[in-house]
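Proteins come first, then strands; the chains are lettered A, B, ... in the order of their sequence lines, and each starts at number 1.
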Protein chains: 2
Amino acid sequence: MSATEPRWLDEEQTKAWIALSAVLVELPTALDAQLQRDSGISHVDYQVLSWLSMTPGRAARMSQIAEMAKVSLSHLSRIAARLERQGWLRRTPDPHDGRATLAVLTEAGWDKVVAAAPGHVEEVQRLVFDNLTPAQVRQLESIGHRVLNGVRPGFSLRLPTASPPAD
Amino acid sequence: MSATEPRWLDEEQTKAWIALSAVLVELPTALDAQLQRDSGISHVDYQVLSWLSMTPGRAARMSQIAEMAKVSLSHLSRIAARLERQGWLRRTPDPHDGRATLAVLTEAGWDKVVAAAPGHVEEVQRLVFDNLTPAQVRQLESIGHRVLNGVRPGFSLRLPTASPPAD
DNA sequence: GGCTTTCACTTGCCGTGTCAAGTAGTCTGA
DNA sequence: TCAGACTACTTGACACGGCAAGTGAAAGCC
């Protein structure tokens, strides 16, 4: 917003930025592609199913799911409609609050996550961690947190998308 | 693909993965939001204009632009139609090859990039580099390259989106 | 020179996501 | 106790991007 000369990136920053930009494009694409190919499911859909599978009772309110998956409530409503159509999820009004609706993972939904999870984690390992040293993994975490702090000063991290379905 | 126990993430990996996942979601969103807010333009659109502004003659073939911006040709066709509607770009058949069409940045398009660039770089600095030490910038570059190598073994990096428009 | 193939886009159709408006249930204060 | 505000979604209209089919120009082939 200042009227002075913009702070252009220096050479080191430029190289890092090019690499980061490419990762920002390629990694989500690749992850999406694996899930689509091996399980016929999008990454967002997987995330919702996966998170629900790790939740006590395998159920949660729509707004709670939307927050953890970082999607708008209206978006989640469409996602839930899709998952419901596939038989992986059921929506019922919350008995404790008539305004809220609970999304419940069905047995078929549970099976879907259990089937999809190993392939997904394997892909994460292959694309990311197999190429990094243990030191770099720690560096990545630190860098990630610092960037997040820049993006969202009061940030809260959501659950991983590549954890084993807990029972 | 193996029938054995999947390689679940260990604790360090999990922490790094959570941070990385969050960056993958939040950073593009934030960058898009800044451009939309301050210049009323999407990130892809900006990327195309920006890259064109750094190109000799401020013109290029559609397929060339599509490759650098990592978008499909059909997608670029829509983007170009949008930019043309705004008067920032003009499409003309390539005199050397009747099949190809050249996208040329107009004067208004050039002005648009020049106006948008400083704010965009400033946002990149603020969100990313202001939070990193010089050592972390170098680590980020190295990590980025290694991950890219996992995602796309024969990877080629495109130009930065946050460089000064060259004349 | 004609015929087929390939290339460089463009376009129609469709699924996904966004924004704004709508609906229904719950709370709050006078 | 009931009008108004608020909460928790849902839905309609629309923009965007993907895929496959279409179009027109160049290249190869004989």
Side-chain angles (χ1 to χ4, degrees), chain A residues 24-26 28-37 39-49 52 59-86 88-104, chain B residues 24-26 28-37 39-49 52 59-86 88-104:
Chain A
L24 254 30
V25 173
E26 302 289 349
T29 305
L31 257 17
D32 241 59
Q34 180 274 325
L35 279 169
Q36 198 65 56
R37 173 166 34 79
S39 307
I41 200 176
S42 77
H43 192 252
V44 188
D45 289 14
Y46 173 77
Q47 222 167 280
V48 169
L49 291 180
L52 222 40
R61 292 167 68 144
M62 294 290 282
S63 47
Q64 196 184 352
I65 301 172
E67 192 191 1
M68 89 77 205
K70 310 273 186 195
V71 298
S72 69
L73 202 45
S74 83
H75 186 185
L76 180 64
S77 188
R78 314 271 188 192
I79 294 170
R82 235 167 19 231
L83 297 177
E84 206 165 28
R85 227 177 298 126
Q86 306 279 333
W88 296 329
L89 184 141
R90 212 166 4 90
R91 277 182 288 184
T92 66
D94 184 338
H96 297 89
D97 185 340
R99 294 167 301 180
T101 101
L102 292 174
V104 188
Chain B
L24 254 31
V25 173
E26 302 290 348
T29 305
L31 257 16
D32 241 58
Q34 181 274 324
L35 278 169
Q36 199 65 56
R37 174 166 35 78
S39 307
I41 201 176
S42 79
H43 192 252
V44 189
D45 290 15
Y46 173 77
Q47 224 166 278
V48 170
L49 292 180
L52 221 39
R61 291 168 66 142
M62 295 290 283
S63 47
Q64 196 183 352
I65 301 172
E67 193 191 0
M68 89 78 205
K70 310 273 186 195
V71 298
S72 70
L73 203 46
S74 83
H75 186 184
L76 180 64
S77 188
R78 317 267 189 194
I79 294 170
R82 249 185 344 253
L83 297 177
E84 207 164 27
R85 226 177 297 124
Q86 306 279 334
W88 296 329
L89 184 142
R90 213 168 2 93
R91 276 181 290 184
T92 67
D94 184 337
H96 298 89
D97 185 338
R99 293 168 299 181
T101 102
L102 293 174
V104 187

B:Leu49/B:Ile41 under side chain to side chain contact (heavy atoms under 4.5 Å, CB included): CA gap, chis, key distance, verdict
CA-CA 10 Å; B:Leu49 292 180; B:Ile41 201 176; 3.6 Å; yes

Can you say whether a donor on the side chain of A:Arg78 sits under 3.5 Å from an acceptor on the base of C:dT18, or the other way round?
yes

Check the surroundings of atom CZ in B:Arg82: do more than 12 heavy atoms from other residues, nucleotides or ligands lie under 6.0 Å from it?
yes

Return the value, rounded to whole Å, for the distance between atom CZ of B:Arg61 and atom C1' of C:dC9.
10 Å

So do A:Asp32 and A:Thr29 actually touch side chain to side chain, heavy atoms under 4.5 Å?
no

Rounded distance in Å - CG (A:Leu76) to P (C:dC19)
16 Å

The residue, A:Gly98 or A:Arg85, whose nearest nucleotide of DNA chain C is more 5′ is A:Arg85

Which one, C:dA24, C:dG17, C:dT10, comes nearest to the side chain of B:Thr101?
C:dT10

Closest to the side chain of A:Ile79, out of C:dA20, C:dG17, C:dC9, is C:dG17

Minimum-distance pair of heavy atoms, taken over all atoms of A:Leu102 and A:Pro95:
CD1-CD, 4.1 Å

Tell me, do A:Thr101 and A:Thr92 make a side-chain contact under 4.5 Å, heavy atoms counted?
no

Can you pull the contact range of chain A along DNA chain D, 5' to 3', using atoms under 4.0 angstrom from its heavy atoms?
D:dT7 to D:dA13

Go nucleotide by nucleotide along DNA chain C from the 5' end; which of B:Ser63 and A:Asp45 gets its closest nucleotide reached first?
B:Ser63

Send over the distance from A:His75 NE2 to C:dT16 P, rounded to a whole Å.
9 Å

With a non-hydrogen cut-off below 4.0 angstrom, is B:Ser72 in contact with a base, only sugar-phosphate, or nothing?
sugar-phosphate

Can you tell me how far C1' of C:dT10 sits from CG of B:Leu73, to the nearest Å?
9 Å

Nearest to the side chain of A:Arg82 - C:dT11, C:dC7, C:dT16?
C:dT16

Taking the side chain as every heavy atom from C-beta outward, state whether B:Ser77 and B:Arg91 have any atom pair closer than 4.5 Å.
yes

Evaluate the side chain to side chain contact (heavy atoms under 4.5 Å, CB included) criterion for residues B:Gln47 and B:Val71: first the C-alpha distance (whole Å), next the side-chain angles of each, then the deciding distance (0.1 Å), finally the verdict.
CA-CA 11 Å; B:Gln47 224 166 278; B:Val71 298; over 6 Å; no

Using a cut-off of 4.0 Å on non-hydrogen atoms, how would the nucleic acid contact of A:Asp97 be classed: base, sugar-phosphate, or nothing?
sugar-phosphate

Which residue, A:Ser74 or A:Ala100, contacts DNA chain D at a nucleotide closer to its 5' end, judged by nearest heavy atom?
A:Ala100

